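What follows is one structure encoded as structure tokens, with my remarks underneath.
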Protein chains: 2
Amino acid sequence: MSRAAETAYEKIRSFVLYGEARPGMQLTEEKLAEISGVSRTPVRDAVRRLENEMLLVRSASKRLSIADWSEDEIDEMFTLRAMLEAHAAERAARRIGTADVEKLRDINDRLKQAIRQSRPDIAAFLQANREFHDLILACAKSPRLSKLLPALIEQPVVHRTAHQYSNAELEQSAKDHDELIAAFDAQDSHWAGAVMTSHIRRAFHKFSATARSAND
Amino acid sequence: MSRAAETAYEKIRSFVLYGEARPGMQLTEEKLAEISGVSRTPVRDAVRRLENEMLLVRSASKRLSIADWSEDEIDEMFTLRAMLEAHAAERAARRIGTADVEKLRDINDRLKQAIRQSRPDIAAFLQANREFHDLILACAKSPRLSKLLPALIEQPVVHRTAHQYSNAELEQSAKDHDELIAAFDAQDSHWAGAVMTSHIRRAFHKFSATARSAND
DNA sequence: ATCGCTTCTATTGTATACAATTCTGTCTGG
DNA sequence: CCAGACAGAATTGTATACAATAGAAGCGAT
């Protein structure tokens with residue numbers, strides 16, 4: 001994807017995630033072209049990608065709208081993500097080298113710095129967290145997994161969850177990462193997988209709890 | 001995807017799977033347009049889909065070629081597929097109704113018919129097998145899973161495996177399906193998941209064995 | 001002869017015009 | 001007042017021409 005298609009992708013994506021877009025909202029290719037400042041051709045390209053990530057949905061007959069996930073779908077998303085990220089951690093544990101373990105340590109240090117302040121820097125936390133998980137995925141060396149997982153990590157959900165975290169919960173995340181690093185050091189794939197599973201499933205329940213209270 | 005894009009998809013797909021295409025072979029959008037008899041625009045569309053299914057790969061700089069999976073990638077594919085199909089079976093076991101269980105029985109009866117002949121009809125076996133697994137996936141009622149799984153069930157691999165099956169192995173497949181149906185009847189998700197796991201992993205080892213002997 | 005530069009060619013990316021489809025609102029007959 | 005059909009508008013799909021970019025070939029200097 002070159003310049004135009006790539007910028008279209010990014011603009012549309014941030015419009016959907018951080019802009020004034022609302023779930024279920026209808027869109028047209030032309031509007032999106034306007035937003036991203038390119039013609040419809042690269043827009044269609046970007047839209048295909050976003051459809052695959054299931055951020056956009058093509059309604060009954062080809063009309064585009066912004067995805068609106070049911071509670072069951074979000075549960076399922078977390079479950080699948082837990083399965084696949086645990087699997088990624090297991091693979092990574094068998095393949096990772098000391099250099100990459102060091103990198104993970106560095107990233108997690110930055111993550112700790114971000115949260116150990118009078119007011120935790122959630123953006124920096126999310127950034128470091130993302131890098132951490134991405135590096136593990138890279139160490140798993142599975143093209144397939146790398147293609148599948150992004151479709152399960154929906155930024156709106158991740159964001160919303162992180163912004164609800166208490167200090168203790170942020171610390172727990174950092175501790176999970178420490179333990180993952182320990183498991184990688186020991187090249188213990190079972191351990192790594194188990195830590196990753198509980199790491200994700202804790203996030204899941206945090207998310208559910210806040211979603212529930214928001215709906216009351 | 002309407003007419004042109006859809007026909008392009010199908011033509012390219014069958015060219016890749018059953019045509020004179022070879023793994024690693026380079027392709028150009030124009031050649032594909034020629035093959036499918038439409039212009040490059042819908043071809044690009046189809047190519048995107050096939051890239052997502054990882055049947056086509058975009059090499060370093062945007063050049064297209066036919067995917068060529070390493071042994072490790074195929075292992076990984078089976079492992080992921082086993083995880084996700086087992087999960088689908090578990091979900092289905094909790095949601096399936098008697099009508100759909102009946103349908104599964106019918107499909108599996110057709111499958112048995114196909115293999116219980118002097119010369120088993122592998123095409124009919126594959127067809128019924130596919131319907132069986134598709135119906136389970138539908139009963140799992142998870143849009144996400146439905147999007148993810150197809151990227152893991154590569155037809156070349158499935159085909160190659162099925163054509164190597166002995167009569168006993170074909171029968172074992174049918175028996176697995178019978179047991180899945182029993183698990184669904186009992187709404188026992190653990191049972192269903194376990195049967196599915198072993199069903200897929202057996203296929204995996206059959207595939208590996210024949211692949212290994214073919215390489216000697 | 002080889003390395004690096006330049007030019008040319010092949011291939012992919014983008015814009016635009018037009019065709020096909022689907023949606024919306026209005027009108028007519030009952 | 002409602003159902004169904006029709007006309008018009010909006011939206012998506014396709015083809016084509018052209019632009020940008022990557023790859024290959026040729027050329028000369030050392």
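Letters A, B, ... are given to chains in the order of the sequence lines, protein chains preceding strands, and every chain is numbered from 1. Not measured: the values here are computed from a predicted model.
Atoms CG (Leu64(B)) and P (dT11(C)) sit 12 Å apart, rounded to a whole Å. Regarding Leu32(B), its CG atom lies at a distance of 13 Å from the C1' atom of dT12(C), rounded to whole Å. Rounding to whole angstrom units, NZ of residue Lys62(B) and P of dG13(C) are separated by 6 Å. Nucleotide dT21(C) holds its P atom 16 Å from the CZ atom of Arg58(A), rounded to whole Å. A straight line from CZ of Arg44(A) to C1' of dA15(C) spans 14 Å, rounded to a whole angstrom. The separation between Arg3(A) atom CZ and dA15(C) atom C1' is 13 Å, rounded to whole Å. Straight-line distance from the CD atom of Glu29(A) to the P atom of dT22(C): 14 Å, rounded to whole Å. The CZ-P distance, from Arg63(B) to dA10(C), rounds to 11 Å in whole Å.
Nearest to the side-chain atoms of Ala4(A) among the listed nucleotides dT14(C), dG13(D), dA22(D) stands dT14(C). Of the listed nucleotides (dT11(D), dG13(D), dT14(D)), dT11(D) has the atom at the smallest distance from the side chain of Thr28(A). Of the candidates dG13(C), dT12(D), dG23(D), the closest approach to any side-chain atom of Arg40(A) belongs to dT12(D).
For the pair Asp100(A) and Arg105(A), the salt-bridge criterion is not met [side-chain N within less than 4.0 Å of a carboxylate O]. Using a 4.0 Å cut-off between charged side-chain N and carboxylate O, Arg40(B) and Glu29(B) make a salt bridge.
For Ser39(A) and dA15(C), the shortest distance from a side-chain N or O to OP1 or OP2 is below 4.0 Å.
Positionally, the nearest nucleotide of DNA chain C for Leu27(B) lies more toward the 5' end than for the other of Thr41(B) and Leu27(B).
Using a 4.0 Å heavy-atom criterion, one finds that Ser61(A) contacts the sugar-phosphate atoms exclusively.
Around NZ of Lys11(A), the count of heavy atoms belonging to other residues, nucleotides or ligands within 6.0 Å does not exceed 12. Surrounding CZ of Arg201(B) are more than 12 heavy atoms belonging to other residues, nucleotides or ligands, all under 6.0 Å away.
Residues meeting the salt bridge (charged side-chain N to carboxylate O under 4.0 Å, His left out) test with Arg202(B), sequence neighbours left out: Asp176(B).
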